[in-house]
Amino acid sequence: MRLGAVADDVTGACDLAGRVVEAGLPATVLLGTPDAPDGLFDGGAGCAVIALKVRTAPAAQAASASAAAARVLLAAGATQLYQKYCSTFDSTAAGNIGPIADALASVAGATTTLGTPATPGAGRTQYQGTLFVDGVPLAESSMRDHPLTPMRDSDLVRLLSPQTAAPVGLVRWQDVQRGADAVAELVGDGHVLVDALTEADLDVIAEAIGRVAADRPIVAGGGAGVATALARAASAGAGDAPATAELPAVPVTGRLILAGSASAATRGQIAAFRGERHVLDPLELARDSHALAPIRDALAAHADPLAPVLIHASGDVAAAQSALGAERAASLIEDALAELAAFAVHALGRTHLVIAGGETSGAVTVRLGLSRLRIGAQAAPGVPWAVSSSDAGDGPRTIAVLLKSGNFGGRDLFTDAWEVAP
């Protein structure tokens, strides 16, 4: 199997790739769409994920970029196209899940997309069309007040329908229990969302995708859960050799945590961290063009390569957004963290970075000039380490990076993640 996935942000791409590797298929993440399809599936079966930065982009721009990525994946030999969106269905009434699904279906020549955001390993489940986050309906979870994509409804059909002119259907959990053939028989044209509470349910959905794909083109999609089930089926059924999560060792010359996320999980990780830390205030960044100088000096003076340093955004998100606007406040933090990452890697030679937040990860990877990630062991479900080469300075530097969705990871991740780092 050659699974070609288009992800709407870089942490989502790493989430999918990390779980796929654990399920038995090798995976590579490409940061942005390459000019040519060469080498995406080196060695045969596997998974290639193109990570875009389109979750909150204008819908037309997101659809166009996703379509371009899909064309490259198909040209490279992908046998199944996959749309990776957030397991909390992050979107607005205008998109971007629906517009991207429409675009990928058009590229694939398909009239049907099939999947679910459910990822039980991350506490995301879908029942009767309602999305639950750790057992709580989406609209009652911390996602209700997300600064960029506040989710005020838990009904997925109702959320997706305004984003697309195509029909939006639902396969309920009771039908999933009848098996893959029953699910496949219920799949018509349009975008079909499927209930799932367990990994076994995801395996049924993956099998149903195969049933439909045998008769007509189909785009699979959702969180990382369905992709993991597809990888399990491919690895077991085709006799593929299990993927190795081993990466080349990267000598540790410094550990840095850059946290731009305001999610509840990341706030808990920040609170639990015991070590040197620095706080970025977007109001100060807006006032003072030299606001980063003291932090640069502190990083340069930090002598212990094994002791991580944490730089995070101020917790007073509401005040910054009120004064600056949500987009500018977020942009100031992302840009500052990206500049500090480049300084740490290229001026100080630091090698190991943990980045918290999808938008922050996108900004940092662009600033560092990363183009491809070799995926390794997971520090937590959906949070894998990767090795890449940064070309943004005076020459390429090999670094280890962990790009984390704001919502992922346990409370002690910033302390424990280094134990499985390459």
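Because the structure is a prediction, the values reported are computed rather than measured.
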With no hydrogens and no angle check, just 3.5 Å: does a side-chain donor-acceptor pair link [X] and [Y]?
X: Thr228; Y: Arg19; result: no
X: Arg172; Y: Gln128; result: yes
X: Thr360; Y: Glu334; result: no
X: Gln163; Y: Ser91; result: yes
X: Asp102; Y: Thr164; result: yes
X: Ser261; Y: Lys404; result: no

Q. Would you find more than 12 non-hydrogen atoms of other residues, nucleotides or ligands less than 6.0 Å from Glu327 atom CD?
A.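 No, CD of Glu327 has 12 or fewer neighbouring heavy atoms, counting only those of other groups under 6.0 Å.
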Q: Decide if atom CG of Asp297 counts as having more than 12 heavy atoms of other residues, nucleotides or ligands within a radius under 6.0 Å.
A: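 Correct, the count exceeds 12.
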**Q.** Partner of Cys47 by side-chain contact (heavy atoms from CB on, under 4.5 Å), out of Thr28, Leu230, Leu16
**A.**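 Single pass found, and it is Leu16.
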(Q) I need the single residue from Leu202, Asp195, Leu193 that forms a side-chain contact (heavy atoms from CB on, under 4.5 Å) with Thr116. Which is it? (A)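 Of the listed options, the one satisfying the test is Leu202.
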Q. When you check the gap from the basic side-chain N to the acidic O, do Arg411 and Asp416 get nearer than 4.0 Å?
A.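 Looking at Asp416 together with Arg411, the answer is no, because their closest N to O distance does not fall below 4.0 Å.
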**Q.** Under-4.0 Å salt bridge between Arg232 and Glu199
**A.**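 Salt bridge between Arg232 and Glu199, a charged N being under 4.0 Å from a carboxylate O: yes.
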So does [Y] get a backbone contact from the side chain of [X], meaning a donor-acceptor N/O pair under 3.5 Å?
X: Asp201; Y: Thr198; result: yes
X: Arg124; Y: Gly121; result: no
X: His278; Y: Leu292; result: no

**Q.** CA sep, side-chain torsions, deciding dist, call: Glu339, Arg367, side chain to side chain contact (heavy atoms under 4.5 Å, CB included)
**A.** CA-CA 7 Å; Glu339 283 302 313; Arg367 181 65 182 83; 2.7 Å; yes
Looking at [X] and [Y], what are the two nearest heavy atoms and their distance?
X: Gly12; Y: Ala7; value: C-CB, 4.4 Å
X: Val6; Y: Ala70; value: CG2-N, 4.0 Å
X: Pro308; Y: Phe414; value: CG-O, 4.5 Å

Q | Stepwise salt bridge (Lys or Arg N to Asp or Glu O under 4.0 Å) test for Asp153 and Arg144 | A | CA-CA 8 Å; Asp153 196 348; Arg144 174 178 177 81; over 6 Å; no
Q | Stepwise side chain to side chain contact (heavy atoms under 4.5 Å, CB included) check, Val49 with Tyr82 | A | CA-CA 9 Å; Val49 190; Tyr82 194 91; over 6 Å; no
Q. For Arg55 and Glu359, what are the C-alpha separation, side-chain angles and deciding distance, and is it a salt bridge (Lys or Arg N to Asp or Glu O under 4.0 Å)?
A. CA-CA 9 Å; Arg55 181 169 296 171; Glu359 297 299 313; over 6 Å; no
Working to the nearest 0.5 Å, report the span between [atom1] of [X] and [atom2] of [Y].
X: Asp90; Y: Ser405; atom1: CG; atom2: OG; value: 8.0 Å
X: Thr119; Y: Phe408; atom1: OG1; atom2: CZ; value: 6.5 Å
X: Asp335; Y: Leu280; atom1: CG; atom2: CG; value: 11.5 Å
X: Leu258; Y: Ser361; atom1: CG; atom2: OG; value: 9.0 Å
X: Leu131; Y: Thr125; atom1: CG; atom2: OG1; value: 7.0 Å

Q. Which is it for Val354 and Leu403 under the side chain to side chain contact (heavy atoms under 4.5 Å, CB included) test, yes or no, and what are the steps along the way?
A. CA-CA 6 Å; Val354 169; Leu403 307 174; over 6 Å; no
Q) Heavy-atom distance under 4.5 Å between the side chains of Glu276 and Leu310, does that happen here? A)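 Of all side-chain heavy-atom pairs linking Leu310 with Glu276, none is under 4.5 Å.
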Q: Report the relative orientation of the aromatic rings in Trp418 and Trp385; use parallel for angles under 30°, tilted for 30 to 60°, perpendicular for over 60°.
A: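 Judged by the thresholds at 30° and 60°, the geometry between Trp418 and Trp385 is tilted.
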Q | side chain to side chain contact (heavy atoms under 4.5 Å, CB included) between Val387 and Leu373, intermediate numbers included | A | CA-CA 6 Å; Val387 169; Leu373 303 176; over 6 Å; no
